[in-house]
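Take a look at the structure below.
The shown structure was predicted, so the numbers you read here are calculated from the model rather than taken from an experiment.
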Amino acid sequence: MGIIRVEQLCKSFEYYEKELGFKHSLKNLLRRKMMVKEAVRGISFEIEQGEMVGFLGPNGSGKTTTLKMLSGILYPTSGAAQVFDYVPWERKKDFKMQFSIVMGQKSQLWWDLPANESLYLNKCIYELEDKAYTTALAELTELLDVKDLLNIQVRRLSLGERMKMELIASLIHRPKVIFLDEPTIGLDLISQKRIREFLKYYNQQTKSTIILTSHYMADIEDLCKRTIIINQGNIVYDGDLRRVNELFNAKKIIKLQFTDEVPRQALAGFGEVLEHDGMNAVLEIDKQDLQRYSKLMLDRFPILDFNIEDIPVEQGIESLYQRDGVRHESLA
Amino acid sequence: MEYSLKEVQKHWRMFGIFAKNSLIGYMEYRANFYSSLCMEIVFLFSKLIYILFVFQLGIEINGISPDEMLIFTGTYTIMIAIYTGLFMDNFYGLSGHIRNGTLDMYMTKPLSLQFMISLRHVNFALPIPNLIAGITMVVMAWQRLVIEPSFIHIAGYIGVILSSTIVMYSVLLLPQILSFWTVKSGSITEMLDKCWDLNNMPMYIYPQWLRRMGLYVVPILFITNMPSVYMIERLDTLLTVWIMAAPVLSFVAVRLFWKMALKRYASASS
């Protein structure tokens, strides 16, 4: 039986709409039309101990809302969930002692204090023995290479350094379940890679169960064998990441910048022209033709800049829908 | 949250660490610390001039002599020090936590969320002048009234101050909790701040209906009047019982309201 069990979990939020302008503000002051957004629509899954599962999906797809329910921050509208036999939103102390959540955009560190003060605070909150704390701190700071930064005020740290401190603060009590919500958001590529390497090592060493949400393909690709793709509050895919990768990697995006104007027709033979304004163009081409077409284009056109990118996650998901025949209205 | 002796001890220890962290934070911004201190001293002086004026007139109000009035004002000033030192910054921050979703991280910690939100920051600059002035006024009036400074009397006064502190915590936190529904709570806070000013003068100057409301319904008048009433020996049996019951009832009320409100929490975009 899985360590995390989710069954038909739903979450709706109430909100109000306001059209542009003062007139509508005035109208809203007297009477507002309540709207309901179904952020999560009856999702079900199970996660085994030690698994590292990636939640993938576009903005607003319900990834973070799901994590917030699993960590007890939000009450669901309906459905059930259990994390080591606890109902998360009952917020039992024993449950809180065993898990951790890291949110890329929310900090738990005291801004004006050196990170070591916040870490010590967590030591006391999680009732850690001195020895356990010292060992964990030494190990985590060594792994993330931030030993020398412990005494520096948090507000003076770079985003990458701060994120590493956030991770240490969340892992100092050696949680058995870790929810990571966009832990690499806003970080440069080197910092992203460092954090990914750390998470991989940590998962292998501690056999902790990790759920990672991200819309960076590289995060999931590097870390998770299993991926759950969520879109518009529904699970549209749950399985081996390699199968998703086949779809995502079937095509590539090429972004071109020219020194002189290049007509659209000249580019059409290489693939689908997604955007074009004469001096810039975005093309979608088959991966198998990438090398050949890249060389041809570089030879033929006055190219100032040339970029090859993966298909955006949203587009990959759309491909997945079409192949699996899952019905959907539109992508967020 | 579990209620056990171990948990109580843990929360006390955590409060000590919060206070220490706040102090370290203050030390980082010395200019802000000194300017807050100066601002509070100026406010205090303006209040003292007004008190001095009333005191020099020597008028008795409803049987309260100017010396007894000084006890009320001194206690009021001490209670302001306790409020600004322990609660104000935290209470005012609650709606921000709800609006920005910063409550999320606190919610996952194995510590009482209400405790963490309402006692996380201790202000060290604002209460200092009020505390010194308040204690001075009470001691001065105490001497002039020739009340015997026995241990029982002092301990009793401190006990009633504690009871008032719990009532103050509950009464002033309660409207802030409405932020879970309204998100912004500026006008409610403003309204309560004005009601708080009713404590500026002894409750005996107000009509009886207002006094009863301020003592038993929304016990805002309880906060500064009870320690003073104890000191000038005007306590009757009902008030004595109420001094013990009000903190329990008001704390239970605020705790239940907090738990109910938490179910409304919808977090914020992240």
Side-chain angles (χ1 to χ4, degrees), chain A residues 11-15 37 39 59-60 63-65 67-75 88-89 91-114 117-118 120-127 153 155-156 166 169-170 173 175 179 181-182 185 213, chain B residues 1-4 6-7 9-30 32-33 93 96-98 100-116 120-122 180-181 183 258-270:
Chain A
K11 179 71 189 176
S12 308
F13 292 104
E14 290 172 1
Y15 67 102
K37 182 191 158 84
N59 290 330
K63 306 184 297 280
T64 304
T65 305
L67 278 202
K68 283 182 180 173
M69 286 190 280
L70 290 181
S71 53
I73 293 169
L74 293 178
Y75 277 77
W89 44 92
R91 299 177 187 141
K92 293 257 165 52
K93 185 190 165 190
D94 287 344
F95 165 63
K96 291 179 180 177
M97 296 287 274
Q98 297 182 65
F99 88 97
S100 201
I101 184 163
V102 179
M103 296 197 220
Q105 300 194 47
K106 280 172 191 165
S107 177
Q108 62 169 308
L109 303 170
W110 285 55
W111 197 243
D112 297 321
L113 266 50
E117 298 285 356
S118 295
Y120 180 75
L121 186 77
N122 274 11
K123 171 206 180 275
C124 300
I125 289 177
Y126 288 101
E127 302 167 21
Q153 239 183 352
R155 68 187 178 92
R156 294 184 196 280
E166 294 283 355
S170 303
H173 62 291
F179 301 120
D181 185 26
E182 309 276 7
I185 199 161
T213 83
Chain B
M1 204 70 231
E2 290 79 1
Y3 300 96
S4 67
K6 197 181 155 211
E7 280 302 313
Q9 282 172 339
K10 179 182 172 183
H11 281 72
W12 268 112
R13 207 170 71 242
M14 292 312 303
F15 179 68
I17 299 170
F18 287 160
K20 182 198 79 181
N21 284 358
S22 303
L23 187 60
I24 298 172
Y26 263 102
M27 286 168 173
E28 289 290 331
Y29 305 101
R30 287 180 304 175
N32 183 53
F33 178 83
H97 285 309
I98 294 165
N100 306 321
T102 39
L103 213 59
D104 291 1
M105 292 309 294
Y106 300 120
M107 225 170 230
T108 62
K109 300 289 174 206
L111 205 63
S112 158
L113 180 66
Q114 187 185 333
F115 164 80
M116 258 193 294
R120 188 172 172 85
H121 292 284
V122 178
F180 281 98
W181 284 268
V183 182
W258 172 271
K259 284 188 171 178
M260 191 173 88
L262 265 190
K263 292 188 180 171
R264 289 276 315 175
Y265 182 59
S267 189
S269 171
S270 58

Do the non-hydrogen side-chain atoms of [X] and [Y] ever get within less than 4.5 Å of each other?
{"X": "Arg91(A)", "Y": "Leu262(B)", "value": "yes"}
{"X": "Tyr265(B)", "Y": "Ile73(A)", "value": "yes"}
{"X": "Pro110(B)", "Y": "Ile125(A)", "value": "yes"}

For [X], is it the side chain, the backbone, both or neither that has a heavy atom under 4.5 Å from a heavy atom of chain B?
{"X": "Leu113(A)", "result": "side chain"}
{"X": "Glu182(A)", "result": "neither"}
{"X": "Tyr120(A)", "result": "side chain"}
{"X": "Ser107(A)", "result": "backbone"}

If I take atom [atom1] from residue [X] and atom [atom2] from residue [Y], how far apart are they, to the nearest 0.5 angstrom?
{"X": "Asp112(A)", "Y": "Ile24(B)", "atom1": "CG", "atom2": "CD1", "answer": "11.0 Å"}
{"X": "Met105(B)", "Y": "Ile101(A)", "atom1": "CE", "atom2": "CD1", "answer": "6.5 Å"}
{"X": "Lys93(A)", "Y": "Leu111(B)", "atom1": "NZ", "atom2": "CG", "answer": "8.5 Å"}
{"X": "Thr102(B)", "Y": "Lys106(A)", "atom1": "OG1", "atom2": "NZ", "answer": "7.5 Å"}
{"X": "Thr108(B)", "Y": "Met103(A)", "atom1": "OG1", "atom2": "CE", "answer": "7.0 Å"}

By a 4.5 Å heavy-atom criterion (distance strictly below it), what part of Tyr106(B) contacts chain A: side chain, backbone, both, or neither?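 Neither part, no heavy atoms under 4.5 Å.
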
Closest-packed option against chain B by number of heavy-atom pairs under 4.5 Å, given Phe95(A), Trp111(A), Phe13(A):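 Among Phe95(A), Trp111(A), Phe13(A), the one with the most close pairs to chain B is Phe13(A).
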
Is Lys6(B) paired with Glu127(A) through a side-chain N to carboxylate O contact shorter than 4.0 Å?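 Yes, this pair counts.
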
Which heavy atom of [X] sits nearest to which heavy atom of [Y], and what is that distance?
{"X": "Phe18(B)", "Y": "Leu121(A)", "value": "CE2-CD1, 3.7 Å"}
{"X": "Ser22(B)", "Y": "Trp110(A)", "value": "N-CZ3, 4.0 Å"}
{"X": "Cys124(A)", "Y": "Lys10(B)", "value": "O-CE, 3.7 Å"}

Exceeds 12 heavy-atom contacts within 6.0 angstrom, atom CH2 of Trp12(B):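 No, not enclosed.
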
Has Lys96(A) got a side-chain atom pairing as donor or acceptor with Lys109(B)'s backbone, closer than 3.5 angstrom?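 Yes: the side chain of Lys96(A) pairs with the backbone of Lys109(B).
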
